[in-house]
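Have a look at the structure below, then the notes.
Numbers for residues simply follow the sequence, beginning at 1.
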Amino acid sequence: IADHKTFNEQLDVIEVFGGEAGTTKVLLRRYDVKCGDNFDLVTGFDLGVKEHVDIFWRYMRKHKPMVVVLAPPCTGMAGWQSLNKIINHDAWLRSRNNGIRLARLAGEIAIYQVQHGRHFLAENPQNSDAFKTPEWNWLRQLPNVVSVCFDQCQTGLGGWVQRHWMPVLKPTEMIASSEHLVWRLRG
């Protein structure tokens, strides 16, 4: 049993590459959860910088989040990458190398969570190369790790086109350490 101090420091959820921290905003509005920091460029946190990565790992060890929500950058990893590779190869290569490094870090975070009996939920475009790194390949072999593919229009993603709200088809894959984290996205 964890001592009282450790228990009080544990968080329910944190976001990594969380953008504007939409997940934790929804959780705070709907549920009584203890949300931690959002580690993203928009919050001044660059996980491409070793010192920031070191700070992140100290935070993880201290707060032991039950769930880490991960959305590594997909630039250079999915979508128009094949066209960008041809049109502007040097920029594509820089973006791709950065994307692979961050995808591997996200995989390391997910592995850490699993090895410590905690959970992760990761999102990227369907067929993204981010989920094809050695770390993610290893995770996919674990019995409790599951994935689900869906179109984000099913969750309400859309935009205004000529004064009409239109659904936006964005094929997405979620990988999680437990079916409990993705079951609502099935079907």
Side-chain angles (χ1 to χ4, degrees), residues 11 13-25 35-116 118-142 145-150 152 157 170-177 181-182 185:
L11 298 168
V13 66
I14 68 167
E15 288 186 68
V16 179
F17 313 113
E20 297 290 332
T23 301
T24 52
K25 288 176 186 173
C35 295
D37 289 342
N38 172 28
F39 295 89
D40 191 278
L41 285 173
V42 300
T43 63
F45 210 86
D46 185 352
L47 288 167
V49 174
K50 184 188 180 320
E51 293 79 20
H52 289 201
V53 173
D54 293 343
I55 292 167
F56 168 79
W57 283 114
R58 283 194 300 273
Y59 185 92
M60 285 286 287
R61 287 188 294 275
K62 178 179 180 182
H63 294 289
K64 302 170 180 61
M66 185 53 65
V67 178
V68 176
V69 178
L70 302 153
C74 59
T75 309
M77 307 293 279
W80 294 96
Q81 72 159 328
S82 57
L83 183 59
N84 290 338
K85 182 178 180 180
I86 296 166
I87 293 173
N88 191 345
H89 185 78
D90 291 342
W92 168 82
L93 189 58
R94 281 190 304 275
S95 176
R96 176 138 178 107
N97 288 339
N98 185 56
I100 289 172
R101 189 175 69 250
L102 296 175
R104 294 192 75 177
L105 174 62
E108 291 169 12
I109 294 165
I111 289 169
Y112 179 85
Q113 285 294 98
V114 168
Q115 289 176 336
H116 288 85
R118 297 189 294 269
H119 297 280
F120 71 88
L121 175 67
E123 177 270 337
N124 233 248
Q126 188 174 352
N127 298 318
S128 169
D129 290 344
F131 288 153
K132 295 176 183 170
T133 66
E135 295 79 6
W136 289 104
N137 288 334
W138 184 84
L139 283 158
R140 286 179 185 274
Q141 302 305 310
L142 299 177
V145 172
V146 296
S147 75
V148 61
C149 293
F150 62 96
Q152 285 199 21
L157 181 67
K170 185 179 178 190
T172 300
E173 181 177 15
M174 301 284 270
I175 300 177
S177 56
L181 294 170
V182 297
L185 298 171

Checklist entry - How far apart are the C-alpha atoms of Phe56 and Val16, what are their side-chain angles, what is the distance that settles it, and do they pass the side chain to side chain contact (heavy atoms under 4.5 Å, CB included) test? => result CA-CA 9 Å; Phe56 168 79; Val16 179; 3.7 Å; yes

Next on the checklist: Tell me the closest heavy-atom pair linking Pro134 and Arg104, and the distance in Å.
Outcome noted: CG-NH2, 3.9 Å

Next on the checklist: For Phe120 and Trp136, take the angle between the two ring planes, folded into 0 to 90°, and tell me which bin it lands in: parallel under 30, tilted 30 to 60, perpendicular over 60.
Outcome noted: perpendicular

Item to check | Close side-chain approach of Arg140 and Phe131, heavy atoms under 4.5 Å | outcome: yes

Checklist outcome for this item: In this structure, CE of Met60 is separated from CD1 of Ile109 (nearest 0.5 Å) by 6.5 Å

Checklist entry - Rounded to the nearest 0.5 Å, what separation is found between the CG atom of Asn38 and the CD1 atom of Ile14? => result 9.0 Å

Next on the checklist: Could you tell me if the side chain of Arg118 sits less than 4.5 Å from the side chain of Lys64, heavy atoms only?
Outcome noted: yes

Checklist entry - Looking at Val114, Thr133, Ile175, which hits side chain to side chain contact (heavy atoms under 4.5 Å, CB included) with Leu139? => result Val114

Item to check | Interatomic spacing from CD in Gln126 to NZ in Lys170 - rounded to 0.5 Å | outcome: 12.5 Å

Checklist entry - Hey, does Ser128 have a side-chain heavy atom less than 4.5 Å from the side chain of Glu173? => result no

Checklist entry - Hey, does the side chain of Asp37 reach the backbone of Phe39 with a donor-acceptor pair shorter than 3.5 angstrom? => result no

Checklist entry - Can you tell me how far the CG atom of Leu70 sits from the CD atom of Glu108, to the nearest 0.5 Å? => result 11.5 Å

Checklist outcome for this item: Shortest non-hydrogen pair, Pro72 vs Ala103, comes out as CB-CA, 4.2 Å

Item to check | Donor-acceptor contact present, side-chain His63 to main-chain Leu11, <3.5 Å | outcome: no

Checklist entry - Does Val182 reach the side chain of Phe150, with side-chain heavy atoms less than 4.5 Å apart? => result no

Next on the checklist: I'd like to check Ile100 versus Asp129 (side-chain heavy atoms, cut-off strictly below 4.5 Å). Are they in contact?
Outcome noted: no

Checklist outcome for this item: Between the SG atom in Cys35 and the CD atom in Glu15, the distance rounded to the nearest 0.5 Å is 8.0 Å

Item to check | Nearest heavy atoms of Ala71 and Asn124, plus distance in Å | outcome: C-ND2, 4.4 Å

Checklist entry - Taking atom CG of Leu105 and atom CZ of Phe17, what is their separation to the nearest 0.5 Å? => result 5.0 Å

Item to check | Passing candidate, side chain to side chain contact (heavy atoms under 4.5 Å, CB included) with Phe45, options Asp40, Val53, Ile55 | outcome: Ile55

Checklist entry - Would you say the side-chain atoms of Asn137 pair up with the backbone N or O of Lys132, donor to acceptor, closer than 3.5 Å? => result yes

Checklist entry - Do Asp54 and Lys50 come close enough that some side-chain heavy atom pair is under 4.5 Å? => result yes

